[in-house]
Amino acid sequence: MAISDVTNPCEAALNAWLQEAYAKAFGGEAALRALPAKDAAFGDFQCNDAMSLAKALKCNPRQAAEALLKALPLPPMVRKAEIAGPGFINITLSPEWLAEQCAAFGAGSDYGIPSPGKGKTVVIDYSSPNVAKPMHIGHIRSTVIGNAIDRLLRALGYTVIADNHLGDWGTQFGILIMGYRHFLTDADRAALTVEMLEKVYVKSYNRTQEDETWLQACRDELVKLQQGDAANREVWETFIAISREEFDKIYRRLDVSFDLYRGESHYQPILEETVQALIDRGIATPSEGAWIADMKDEGLQVAIVRKSDGGFNYTATDIATVRSRVREFDPARIIYVTDERQQLHFKQFFAICQKLGCTAHAALEHVWFGLMRLPEATFSTRQGNVIKLEALLNEAEARALAIVEEAHPDWPDADRRTLAAQIGIGAVKYADLSHDPQGMIVFTWEKALALEGNSGPYLQYAHARIRSLLDKYRAQFPEAPDPLAAPILITDPLERQLALTMLQFPGAVARAGEQCRPNVLADYLYSLCQHYSRFYQALPVLKAADAVRASRAHLCAVVAGILRRGLGLLGIAAPDRI
RNA sequence: GCGCCUGUAGCUCAGUCGGAUAGAGCAUCGGAUUUCUAAUCCGGCGGUCGCAGGUUCGAGCCCUGCCAGGCGCGCCA
């Protein structure tokens with residue numbers, strides 16, 4: 001049974017009732033389940049199980065449904081239960097009971113988010129940019145999706161270790177060191193930037209293609225670095241420091257933080273013994289001068305674990321990383337968030353880890369996402385159509401700022417900039433998080449920076465409107481109790497829909513986290529806002545009669561709380577004023 | 001050639017375990033503000049769920065084949 005079943009108090013109660021009815025009517029147990037009604041016209045919840053049940057019981061589906069309903073008297077929480085169509089059971093709740101559930105929900109802890117991860121550690125490996133290269137639009141998905149999963153799993157009770165597995169080791173550093181030494185002035189080196197490093201790398205790389213001596217010199221510098229040559233080591237550390245500074249600027253703007261920044265270099269000391277372990281177990285065998293793992297039995301192609309020149313590749317590094325993480329953290333799960341192109345690699349090295357038995361009880365999971373592309377082409381350095389991440393964020397903030405300045409000419413500039421950043425970044429993140437990760441994203445500025453419709457700012461706006469409304473409520477009715485303490489009255493269908501939607505929050509969080517699909521939560525929050533906006537448009541709060549006013553303020557307060565919490569789980573700010 | 005993924009409205013996308021009349025946003029057309037923030041709300045238009053079979057009481061969802069596109073397939077990560 002899925003977690004979402006037990007997170008919605010209404011569903012939990014209805015399931016229990018249906019299952020008791022089943023036991024009474026037919027004996028034994030069955031996993032009967034009430035689901036939110038597909039159409040409000042049917043009621044609040046529906047149960048579709050009579051149809052499949054009928055087959056096992058060898059009877060007519062409608063009769064099965066009738067037998068279920070007749071087995072027990074209608075519980076007080078249910079106002080109406082009727083059979084429709086081939087055997088759907090449509091359930092309408094008693095408004096009083098629903099109101100009680102909502103009141104308890106708002107007053108309860110953390111909006112009912114369950115803790116399936118309690119006592120479990122999960123290592124999540126995301127973002128992982130390469131040193132000496134600026135982050136570009138291709139990095140946004142791993143960073144934003146990975147961070148949302150990070151936040152979701154923490155909310156679900158996991159002890160999360162977010163590790164940024166930087167690309168800080170490999171053949172490119174020989175090329176880079178040569179470029180750094182020969183193409184930069186002292187002044188350049190004093191004011192070094194990642195952008196300069198990238199240019200120097202390209203220049204040096206191009207020269208390796210036509211100059212054999214240069215190529216050999218690059219190799220020599222790499223060997224020296226790997227052997228711990230002090231001078232090269234120092235330069236390499238400079239590259240990392242400069243890069244980290246650049247990355248951290250972006251991460252600050254994105255409100256992303258990591259527990260660890262262990263690059264590939266961190267695992268260098270244990271590569272030798274890792275590959276030796278593979279050889280000792282007979283998992284790795286020599287072939288054409290290299291060491292390979294043959295995985296025909298797993299239906300996979302061979303993977304190289306040590307190159308014929310003696311060097312180690314990323315398969316070896318990744319295996320060593322798993323061993324290291326298992327020893328140090330003993331995680332229940334290790335999650336990698338990377339693009340789809342690496343699926344084969346992960347299958348291979350997961351299989352090797354299994355064979356090696358180095359995973360202990362850790363489940364290795366590859367959460368892959370589709371590449372981002374332009375409507376007319378894929379992004380590629382060669383075509384020169386790559387958008388730098390910094391430029392994207394700047395553009396997002398600039399567009400938001402234009403609107404904020406127009407809306408609030410009287411605000412201090414600093415406040416407007418802060419708000420514009422929250423909105424612009426929120427728009428960019430939401431554009432990504434509202435899609436199923438496992439699909440390609442077609443990038444358009446229009447979509448990424450959308451401020452209307454199904455967008456981050458739509459959610460932020462709904463939240464800000466509620467906060468403003470609640471402030472007015474407190475100002476106008478200073479003697480009124482805390483909105484969360486007021487009894488809820490559910491009379492209008494819009495209130496009912498809103499209440500029913502609120503209760504689905506913990507299920508959405510659980511499903512989004514456990515399935516590593518933040519879009520499940522994004523979709524939920526959007527739907528909640530749609531229901532709220534309809535409610536807000538049609539039903540007055542401040543001008544309603546006392547009891548109704550207090551009740552509606554209560555609903556507003558819970559929605560605002562859910563929005564703030566939900567947006568927080570996606571890493572999106574929830575400003576109080578827009 | 002083999003493997004993974006994708007194909008749903010003009011465009012971008014949702015679609016819990018297989019359930020009732022397939023939903024949003026954008027675009028477009030038309031409405032709503034003496035009333036709590038119009039970054040909002042309501043309505044119209046718009047569909048052979050790539051194609052063809054199959055399983056099922058019931059298929060966008062499961063199975064088979066085909067078509068189209070993306071990505072990957074031994075020393076880059």
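Residue numbers start from 1 in every chain, and the chains themselves are labelled A, B, ... in the order their sequence lines are given, proteins ahead of strands.
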Could you check whether A/Tyr532 and A/Phe535 have their ring centres less than 6.0 Å apart? yes
Note to self: If you take the centroid of each ring, where Trp contributes its six-membered ring, are A/Phe349 and A/His345 closer together than 6.0 Å?
What the structure shows: yes
Please work out if [X] contacts a base, only the sugar-phosphate, or nothing of the nucleic acid, heavy-atom cut-off 4.0 Å.
X	answer
A/Ser52	base
A/Ser287	base
A/Val541	base
A/Arg399	nothing
A/Leu166	nothing

Once hydrogens and angles are ignored, does a donor-acceptor distance under 3.5 Å link the base of B/rA77 to the side chain of A/Glu264? no
- Message: Between the base of B/rA20 and the side chain of A/Asn90, is there a donor and acceptor pair under 3.5 angstrom?
- Response: yes
By side chain to side chain contact (heavy atoms under 4.5 Å, CB included), A/Ala320 pairs with (sequence neighbours left out) A/Tyr267, A/Ile270, A/Leu271, A/Thr274
Going 5' to 3' through nucleotides 37-43 of chain B and flagging B where a protein heavy-atom sits under 4.0 Å of the base, S where only the sugar-phosphate is that close, and - otherwise, we get BSBBSS-
Considering only [options], which nucleotide approaches the side chain of [X] most closely?
X	options	result
A/Pro36	B/rU16, B/rA14, B/rG74	B/rU16
A/Met440	B/rG70, B/rG74, B/rC71	B/rG70
A/Ser308	B/rC36, B/rA20, B/rC75	B/rC75

ask   = Is the aromatic ring centre of A/Phe88 closer than 5.5 Å to the centre of the six-membered base ring of B/rG19, with the two planes inclined by less than 30°?
value = no
Find the distance [X]:[atom1] to [N]:[atom2] and express it as a whole number of Å.
X	N	atom1	atom2	result
A/Lys38	B/rG18	NZ	P	13 Å
A/His345	B/rA77	NE2	C1'	8 Å
A/Leu470	B/rC36	CG	P	16 Å
A/Leu35	B/rG18	CG	P	12 Å
A/Asp39	B/rA24	CG	C1'	16 Å
A/Arg33	B/rG19	CZ	C1'	13 Å
A/His435	B/rU6	NE2	P	15 Å
A/Tyr267	B/rA77	OH	P	16 Å

RNA chain B nearest-nucleotide lookup for A/Gln504 and A/Leu371: closer to the 5′ end is A/Gln504
Check nucleotides 1-4 of chain B against the protein and report each pair of N or O atoms closer than 3.5 Å, with its distance, or say if there are none.
from: B/rC4; atom 1: O2'; to: A/Gln343; atom 2: OE1; distance (Å): 2.8

How far does the [atom1] atom of [N] sit from the matching atom of [M], given to the nearest Å?
N	M	atom1	answer
B/rC51	B/rA59	C1'	16 Å
B/rG69	B/rU8	P	15 Å
B/rG46	B/rC4	C1'	34 Å
B/rG25	B/rG15	C1'	15 Å
B/rU48	B/rG7	C1'	15 Å

Syn within 90° of 0, anti beyond: B/rC17 is syn
In which ranges does RNA chain B form stems of 3 or more consecutive Watson-Crick or G-U pairs, distances under 3.5 Å?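 B:1-7 with B:67-73, B:10-13 with B:23-26, B:28-32 with B:40-44, B:50-54 with B:62-66 - these are the stems of 3 or more pairs that involve RNA chain B.
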Residue pairs meeting salt bridge (Lys or Arg N to Asp or Glu O under 4.0 Å), one or both in residues 288-305 of chain A, sequence neighbours left out, come to A/Asp294-A/Lys296, A/Glu298-A/Lys355
* To do: Might you point out which heavy atoms bring A/Ala30 and A/Gln19 nearest each other, and give the distance in Å?
  =>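 Closest approach of A/Ala30 to A/Gln19: O-CG, 3.2 Å.
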Distance check: side-chain N/O of A/Lys543 vs OP1/OP2 of B/rC36, anything under 4.0 Å?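 So the side-chain polar atoms of A/Lys543 never come under 4.0 Å of the phosphate oxygens OP1 or OP2 of B/rC36.
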Partners of A/Gln226 by side-chain hydrogen bond (donor to acceptor under 3.5 Å, both in side chains), sequence neighbours excluded?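 side-chain hydrogen bond (donor to acceptor under 3.5 Å, both in side chains) check on A/Gln226 returns nothing, list empty.
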